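Before any comments, here is the structure.
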Amino acid sequence: MQPSPELVKKNKTKMGVQVQDSHGSCGCGSGCLGPLTFHSEAKGQLVTLSEDGRRATRDTSSFRHGLIFGSRHLRIMEKVHMRIERSVRAWHGALRVGLTSVAPGSRTIPSLAIPELTNSPGYWAIPVPEQQCLPRSELIFWVSQCGTLHVKTDGGQKHSLKTRVDTHKPMWAMIDVYGQTTAVLLLGSIKKCLFTTRRSCPVPAVEPTDDNCGYSEIPTKTLKRMMGQESLGEPGNQENLSLPCSQNYSQNTSNESMEECVVCYSDIANVILICGHRCVCSQCALRVFSEFGTCPLCRHFLNPAHCYEGT
């Protein structure tokens with residue numbers, strides 16, 4: 001026995017899927033892609049929404065808990081335009097953008113997209129370099145016909161994910177307002193078809209100003225931690241740092257043979273944790289130790305009483 005259309009629509013609404021009838025419930029006509037907004041319920045603990053659900057802002061008290069999802073599924077080759085509005089010079093790493101085939105709201109939202117979600121089936125994300133996530137900068141992301149996730153930034157730099165997205169399932173936008181990035185604004189989306197161009201619902205323009213775009217003040221607690229640890233990217237403090245339960249691994253190893261840090265995906269992983277994993281850079285290592293207390297890969301407890309005695 002097949003469920004009624006009304007029941008299907010009700011269940012989809014509960015899961016966060018925006019349902020439109022054959023005439024387009026947004027009222028813009030059949031050529032409209034539908035409204036492009038963030039999901040009002042499926043969001044991180046520190047995220048607040050404004051501008052009718054188009055702006056997502058993460059509280060600056062932490063670098064994490066900034067996950068947010070789209071309110072409707074995206075089409076293949078639908079290019080989402082987004083602006084980075086605010087940043088804070090307190091953390092290492094920046095925005096992550098991606099897609100998910102898991103309906104928003106159907107699971108508990110973790111604190112990070114990478115690796116907490118991307119280690120699970122149905123989640124794909126690309127970290128955008130800090131220097132390409134400055135306030136007022138814009139980017140575009142989309143998935144191609146063959147399932148490749150692409151991100152293109154203001155300067156024309158293009159980043160692609162090697163792992164293929166499953167385009168046979170509905171896909172929702174997944175944004176992690178992470179690290180230095182603290183506020184983003186959805187500008188709209190475009191999908192070029194054979195004879196026409198489809199767009200998301202028209203919305204009032206939000207021009208970048210000094211009020212909505214710029215750098216936020218560093219919270220006092222975070223600033224004290226920065227001054228005490230000298231570890232969060234201040235000029236002159238880029239030397240390798242020692243950490244309980246770890247050994248710096250940069251002395252006799254070339255950068256070419258080393259992998260990226262699994263936290264910021266920007267610098268080389270040059271620290272070995274007590275569990276044996278070399279997976280974080282010196283700046284993120286202190287954060288991992290103080291904020292998490294476990295290895296990002298194996299969740300081994302980082303106990304200061306059992307430091308790594310590397311030679």
Side-chain angles (χ1 to χ4, degrees), residues 15-17 38-39 42 44 63-64 66-70 72-82 84 92-133 139-153 156-179 181 184 186 189 191 255-269 277-281 284 288 292 295-299:
M15 295 174 66
V17 182
F38 290 118
H39 198 291
F63 63 91
R64 50 182 173 158
L67 267 165
I68 190 70
F69 300 86
R72 65 164 172 85
H73 66 264
L74 300 175
R75 280 78 167 177
I76 296 173
M77 292 301 295
E78 178 181 354
K79 297 187 176 183
V80 177
H81 293 243
M82 185 170 60
I84 292 88
H92 197 48
L95 183 72
R96 283 92 163 87
V97 297
L99 297 168
T100 178
S101 59
V102 180
S106 61
R107 60 161 290 174
T108 303
I109 298 177
S111 63
L112 300 169
I114 301 174
E116 294 183 15
L117 283 182
T118 53
N119 280 347
S120 302
Y123 296 93
W124 304 268
I126 294 178
V128 184
E130 295 173 11
Q131 61 272 23
Q132 297 169 23
C133 289
L139 59 81
I140 308 169
F141 68 95
W142 71 97
V143 63
S144 66
Q145 293 285 355
C146 63
T148 302
L149 175 62
H150 298 286
V151 177
K152 187 176 181 180
T153 60
Q157 296 91 344
K158 193 173 180 180
H159 309 277
S160 301
L161 191 67
K162 294 180 180 179
T163 305
R164 291 288 187 262
V165 175
D166 185 357
T167 57
H168 295 94
K169 298 179 180 179
M171 300 172 294
W172 289 264
M174 178 177 71
I175 311 294
D176 193 353
V177 187
Y178 168 83
T181 306
V184 297
L186 291 174
S189 64
K191 176 178 170 60
N255 286 351
E256 289 76 7
S257 63
M258 302 176 72
E259 297 182 353
E260 290 179 327
C261 170
V262 300
V263 177
C264 66
Y265 283 83
S266 298
D267 287 347
I268 297 298
H277 284 124
R278 174 167 53 86
C279 58
V280 293
C281 67
C284 289
V288 166
F292 296 97
C295 170
L297 297 184
C298 68
R299 307 302 181 192

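It should be emphasised that the depicted structure is a prediction, and the values quoted were computed from it without experimental measurement. Along the sequence shown, residues carry numbers from 1.
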salt_bridge(Arg72, Glu78) N-O dist < 4.0 Å: yes
Residues two or more places apart in sequence or in another chain: which of them pass side chain to side chain donor-acceptor pair (under 3.5 Å) with [X]?
X	value
Gln131	none
Ser120	none
His159	Gln132
Ser144	none

Search all heavy atoms of Gly122 against all heavy atoms of Thr100 and return the closest pair with its distance. O-OG1, 2.9 Å
Pro121 versus Val102, closest heavy-atom pair with distance: O-CG2, 4.0 Å
Taking only residues two or more places apart in sequence or in another chain, which ones pass salt bridge (charged side-chain N to carboxylate O under 4.0 Å, His left out) with Glu130? none
Could you grab the distance from atom [atom1] of [X] to atom [atom2] of [Y], nearest 0.5 Å is fine?
X	Y	atom1	atom2	value
Trp142	Met171	CH2	CE	13.5 Å
Thr153	Lys158	OG1	NZ	11.5 Å
Phe69	Leu99	CZ	CG	11.0 Å

So among Ile114, Val128, Val151, which one has a side chain to side chain contact (heavy atoms under 4.5 Å, CB included) with Arg96? Ile114
Test of understanding: with ring-ring contact (aromatic ring centres under 6.0 Å, His included), list the residues that count as partners of Phe63, not counting sequence neighbours. Trp91, Tyr178
